[in-house]
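Take a look at the structure set out below.
Just so it is clear, the structure is predicted and the values come from calculations on it, not from any experiment. FYI, the numbering just counts along the sequence from 1.
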Amino acid sequence: MSSRVPFFLRSYLASQGSLSLPGFGRIMFDMSLSPDASEANNRFPPDSLTFRAEAKGSWDPELIDFICRETGKIRPLIMSDLNSYLEFGHELTMTSKPFYIEGIGWLQQNAQHEVTLMQEDGVIAPSEIRPQRRERPRSLQRFTFPAYIRWSSIAVVLLLSSLAAALGYVAVSGIWRGLSLFQPRDAAIAPAPAKETADLAPAQLIEKPYPFVVVLEVSSRNRALKRYADLKEWGHPVRMSTKDSVKFKLYIPIRAPLPDTARHRDSLSLFFNRKVWIETHPDE
């Protein structure tokens, strides 16, 4: 049902006029603005959505009942699908990436950690309550630069941002080129003869390539399966294992000298924006 979650959210919002997204806020639809148009072209009429940010909140019980009737699934499974879908959205917004809900629009967190909604027609949905702006006395009004100076500043900022993005891409590409050195699971690695290993100095043993893994997370079955599928779709060489079918481990195998473990751990922690750790004995 995960792929149909946006369809149910949009259908419920179009029919009820209000939709709660826990941790984000509530979206309101002005049903007086041609409500039939939202079904005709799979979009809401322009300027028909408003958004109220709320740090907490819960799913509307009527939404759960609506999905139950449409799919025939039990409530716990529906709640699990909805929570997994929204958890992915929170991960995106926490890393300054937009969270797209098909048929509704984009949720994004700004520099002040405020969540805003941009309707799918490209218009930022207004807040339900806007504070009135107090007019400054003329003696306290700030000086405004001419328009050509403001646009020049914006152009410089965009250029610097593009350069920073290009440098970041080059750095990340270098990381993944290093990760491509590991061998696949079915390529068995023949151990070195005992005599040859015994003749090596301790420093040489440390520098020999040694298989280890970078563990990305340990989570429940539903969360792990969804995360595994997403990472595979994005091209990451991720693997998954479990000992008890309750907790599942997601990790990336790496073949490199042991002194490089900290470098790989720190690089992947920065890339995924979460804490990862090293294990030298993969439990596949």
Side-chain angles (χ1 to χ4, degrees), residues 1-33 35 38-39 42-132 217 219-227 230 273-274:
M1 189 198 103
S2 299
S3 61
R4 299 189 63 196
V5 167
F7 168 76
F8 290 123
L9 296 181
R10 181 192 161 281
S11 298
Y12 178 80
L13 176 59
S15 62
Q16 301 298 319
S18 177
L19 171 66
S20 175
L21 299 176
F24 286 114
R26 181 171 291 275
I27 304 174
M28 282 75 68
F29 168 47
D30 187 354
M31 302 180 68
S32 65
L33 298 177
S38 61
E39 296 295 338
N42 202 33
R43 290 185 179 181
F44 289 97
D47 298 325
S48 62
L49 298 182
T50 56
F51 178 70
R52 182 178 65 215
E54 296 175 350
K56 298 181 179 180
S58 59
W59 294 107
D60 295 329
E62 295 80 3
L63 172 64
I64 310 300
D65 295 337
F66 168 69
I67 300 178
C68 283
R69 291 192 302 270
E70 294 292 326
T71 63
K73 297 180 67 172
I74 60 177
R75 295 176 67 90
L77 292 180
I78 294 174
M79 292 290 294
S80 176
D81 289 340
L82 290 174
N83 290 333
S84 297
Y85 178 77
L86 216 58
E87 183 179 358
F88 177 65
H90 283 292
E91 291 178 1
L92 288 176
T93 55
M94 289 296 292
T95 55
S96 301
K97 298 181 178 66
F99 173 39
Y100 174 55
I101 305 177
E102 184 178 357
I104 296 178
W106 293 263
L107 289 168
Q108 189 161 15
Q109 184 172 271
N110 58 24
Q112 290 73 36
H113 303 288
E114 299 171 343
V115 179
T116 59
L117 170 69
M118 178 179 288
Q119 195 172 334
E120 198 167 48
D121 58 4
V123 178
I124 298 178
S127 301
E128 185 182 28
I129 301 176
R130 288 174 175 262
Q132 294 184 354
E217 65 175 87
S219 55
S220 63
R221 178 178 179 275
N222 290 339
R223 160 70 182 174
L225 290 176
K226 182 180 184 303
R227 190 65 173 159
D230 290 339
N273 195 30
R274 64 165 55 211

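- With sequence neighbours left out, the side-chain contact (heavy atoms from CB on, under 4.5 Å) criterion links A53 to F51.
- Applying the side-chain hydrogen bond (donor to acceptor under 3.5 Å, both in side chains) rule to R75 yields the partners D65; only residues at least two apart in sequence or on another chain are considered.
- Put simply, the side chain of T50 does not reach to within 4.5 Å of the side chain of F29, judged on heavy atoms.
- Partners of E54 by salt bridge (charged side-chain N to carboxylate O under 4.0 Å, His left out), not counting sequence neighbours, listed by chain and number: R52.
- Under the side-chain contact (heavy atoms from CB on, under 4.5 Å) criterion, L92 pairs with F88, K97, F99, not counting sequence neighbours.
- No side-chain heavy atom of E87 sits less than 4.5 Å from a side-chain heavy atom of K226.
- Looking only at side-chain heavy atoms (C-beta outward), V5 and L82 come within less than 4.5 Å of each other.
- In this structure, the side-chain contact (heavy atoms from CB on, under 4.5 Å) partners of S219, at least two apart in sequence or on a different chain, are E217, R223, A224.
- Residue pairs meeting the salt bridge (Lys or Arg N to Asp or Glu O under 4.0 Å) criterion with at least one partner in residues 103-116, sequence neighbours excluded, are absent.
- By the side-chain contact (heavy atoms from CB on, under 4.5 Å) test, N222 is found to be paired with S80, residues two or more places apart in sequence or in another chain being considered.
- The aromatic rings of Y12 and F66 sit tilted relative to each other, their planes meeting at an angle between 30° and 60°.
- Counting heavy atoms from C-beta outward, P6 and Y85 have side chains that approach closer than 4.5 Å.
- A search for side-chain hydrogen bond (donor to acceptor under 3.5 Å, both in side chains) contacts involving S220 returns nothing, not counting sequence neighbours.
- Between the S20 side chain and the D60 main chain, no donor and acceptor come within less than 3.5 Å of each other.
- In this structure, T93 and Q109 approach most closely via the heavy-atom pair O-CB, 3.7 Å.
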